[in-house]
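These notes are about the structure you will find just below.
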Amino acid sequence: MGSMIPRFLLIGCVLFSFLDNVYAGLTSNFIRSEWPSVDIPLDNEAFAIPSGYNAPEQVHITQGDYDGKGVIIMWVTPVEPGSNQVRYGTSEKKYDFTAEGTVKNYTFYNYTSGYMHECLVNDLEYDTKYFYEIGEGDSARSFWFQTPPKIDPNASYKFGIIGDLGQTYNSLSTLDHYIKSGAQTVLHVGDLSYADRYKYHDMGVRWDSYGRFVEKSAAYQPWLWTVGNHEIEYMPYMEEVVPFKQYLYRYTTPYAASGSSNPLWYAVRRASAHIIVLSSYSPFVKYTPQWEWLQAEFKKVDRKKTPWLIVIMHAPIYNSNSAHYMEGESMRVAFESWFVQYKVDVVFAGHVHAYERSYRISNIHYNVTGGAMYPVPDKSAPVYITVGDGGNQEGLASRFNDPQPEYSAFREASYGHSTLEIMNKTHAFYHWNRNDDGKKVATDSFVLHNQYWNKSLRRRKLKKNYLHPVVQTLEVNRV
């Protein structure tokens, strides 16, 4: 990996002289020849049920503590509870340790779930590959995961960012390309299964199929989730009025480790990153539990240990697409000043089924009686990136507002995923990869400078385009 840095920087130097005179954002005119936005049939191999009586399925893991030495392993047994035990160790097929989990199930209208298991495996060693086994007898299944490096400002790590995934053929393309990216942990910005597009019993069935769909990644590396509007599932016509019910039964988060009172908002530290997960669809105005928690969590951030400060949410607070336009405005009013005050590096969101990246801008001086009316360049502000383009059945959001606002750097209505590769405490490489007719195409890439450690930022003249694209930059104009 070390040999890649000079090559990236060399390409960047070639482009800098051209880009330094570019101030307008770009709207790609790429037109995708897309597969139909329909869910994959249930009998497709993408949803294959594992063989064996009561075999564990829908296996997925997430971080289990604050600092990355724990993993929560979740799975479903379809017929009976079976064993709650996880057997694990550092050698394949040799399990020196065991951990006991819990089991539960639920009903949703006329659907009855399988048995939902979750087990915390903690006190693990950093930067170690662990093998684990769940299930009983001939139906037991084996997987593995890699723990992150210890908390360190120069720890390198690669995150994948996926949003609004669903379970279509476009979703499958996104997932397969993500797996090949080499990223180590997924940051999922909400809207998982899109099961709420169905009714009655089929809603639960589509939660099950989604769990099997993502297992080929989620069983082997942590996925960190936030909720989207499609997880709410407020369905009075079915007498189901508890928001997020199915999501909460199926997807556990380590919320208590960060002092959160609710699994829908939480924080973790991983390698050199401090990741804050917010809920767009839970109360967040002043004095609410999420507001109080976030205020306390920002004060806990130590940029000398975890220099990269990342926030994920579902509804974007900057969005120039006509879809869901300004739906994130209330959260912007509540939290943007903190994002600037604490110099958040990047905010990832979904919801809009397209891709968009902003410059570093803020609108913190606006109020209803006066102040600046428009976002302005702000070197302390984060970059805002919308990646709600995972592939779900609702299709792409292809109508962008015209003209493109000055804060918007690049936007395109295509399916894809992103990666953020942290190199050290000062620089990270970001890529958005378009799924072009089933082929991964790198479209938007740049070097992200850390807000805390890159002190040269203070000496540079602030320009809206100081996030220098380094690869495939000129391709955005290709038809």
- Item | Y220 and its ring pair (Phe, Tyr, Trp, His ring centres under 6.0 Å) partner, picked from Y130, F143, F145 | F143
- Nearest non-hydrogen partners of V227 and S279, listed with the distance: CG2-OG, 3.6 Å
- Using the salt bridge (Lys or Arg N to Asp or Glu O under 4.0 Å) rule, take E329 and R332 through it: C-alpha gap first, then chi angles, then the decisive distance, then the call. CA-CA 5 Å; E329 179 66 7; R332 184 197 66 76; 2.7 Å; yes
- Can a donor-acceptor pair be found between the side chains of N433 and Y178 at a distance below 3.5 Å? no
- Between D39 and Y198, is any side-chain donor less than 3.5 angstrom from a side-chain acceptor? yes
- Message: Please check this pair: side chain of R411 against backbone of S358, looking for a donor-acceptor N/O pair closer than 3.5 Å.
- Response: no
- Query: Are S260 and W265 linked by a side-chain donor-acceptor pair shorter than 3.5 Å?
  - Reply: yes
- Item | Nearest non-hydrogen partners of R269 and T306, listed with the distance | CD-CG2, 4.0 Å
- Can any side-chain N or O of H117 pair as donor or acceptor with the backbone N or O of P81 at less than 3.5 Å? yes
- Item | Under 3.5 Å: donor-acceptor pair, side chain of S380, backbone of V340 | no
- Message: I want to check something: taking the side chain as every heavy atom from C-beta on, are T62 and W223 in contact at a cut-off of under 4.5 Å?
- Response: no
- Ion pair D389/R434, N-O distance below 4.0 Å: no
- Any T443 side-chain heavy atom under 4.5 Å of F410 side chain: yes
- What residue among Y66, W308, F298, Y342 forms side chain to side chain contact (heavy atoms under 4.5 Å, CB included) with H274? Y66
- Just by distance, with hydrogens left out, do Y157 and S272 show a side-chain donor and acceptor under 3.5 Å apart? no
- Taken to the nearest 0.5 Å, the spacing of T253 OG1 from L264 CG works out to 7.5 Å
- Item | Donor-acceptor pair between S171 and T168 side chains, under 3.5 angstrom | yes
- Query: Between K104 and L248, which heavy-atom pair has the shortest distance, and what is it?
  - Reply: NZ-O, 4.3 Å
- Query: Are a donor atom and an acceptor atom from the side chains of E356 and S408 found within less than 3.5 Å of each other?
  - Reply: yes
- Check: T27 main-chain N/O paired with Q404 side-chain donor or acceptor under 3.5 Å: yes
- Query: Does any non-hydrogen side-chain atom of Y126 lie less than 4.5 Å from one of D67?
  - Reply: yes
- Query: Under 3.5 Å, is there a donor-acceptor pair linking the side chains of E118 and T252?
  - Reply: yes
- Task: Could you tell me whether a side-chain N or O of S173 sits under 3.5 Å from a main-chain N or O of Y169, the two making a donor and an acceptor?
- Result: no
- Spacing of I61 atom CD1 and Q221 atom CD [to the nearest 0.5 Å]: 7.5 Å
- Which pair of heavy atoms, one from Y415 and one from G390, lies closest together, and at what distance? CD2-C, 4.1 Å
- Query: Can you find a side-chain donor-acceptor pair between Y106 and R250 that sits under 3.5 Å?
  - Reply: yes
- Query: Which pair of non-hydrogen atoms, one from W75 and one from P56, has the smallest distance, and what is that distance?
  - Reply: CD1-CB, 3.6 Å
- Task: Before giving the answer on ring pair (Phe, Tyr, Trp, His ring centres under 6.0 Å), spell out for H188 and W225 the whole-Å C-alpha distance, their side-chain angles and the decisive distance to 0.1 Å.
- Result: CA-CA 5 Å; H188 195 302; W225 308 277; 8.2 Å; no
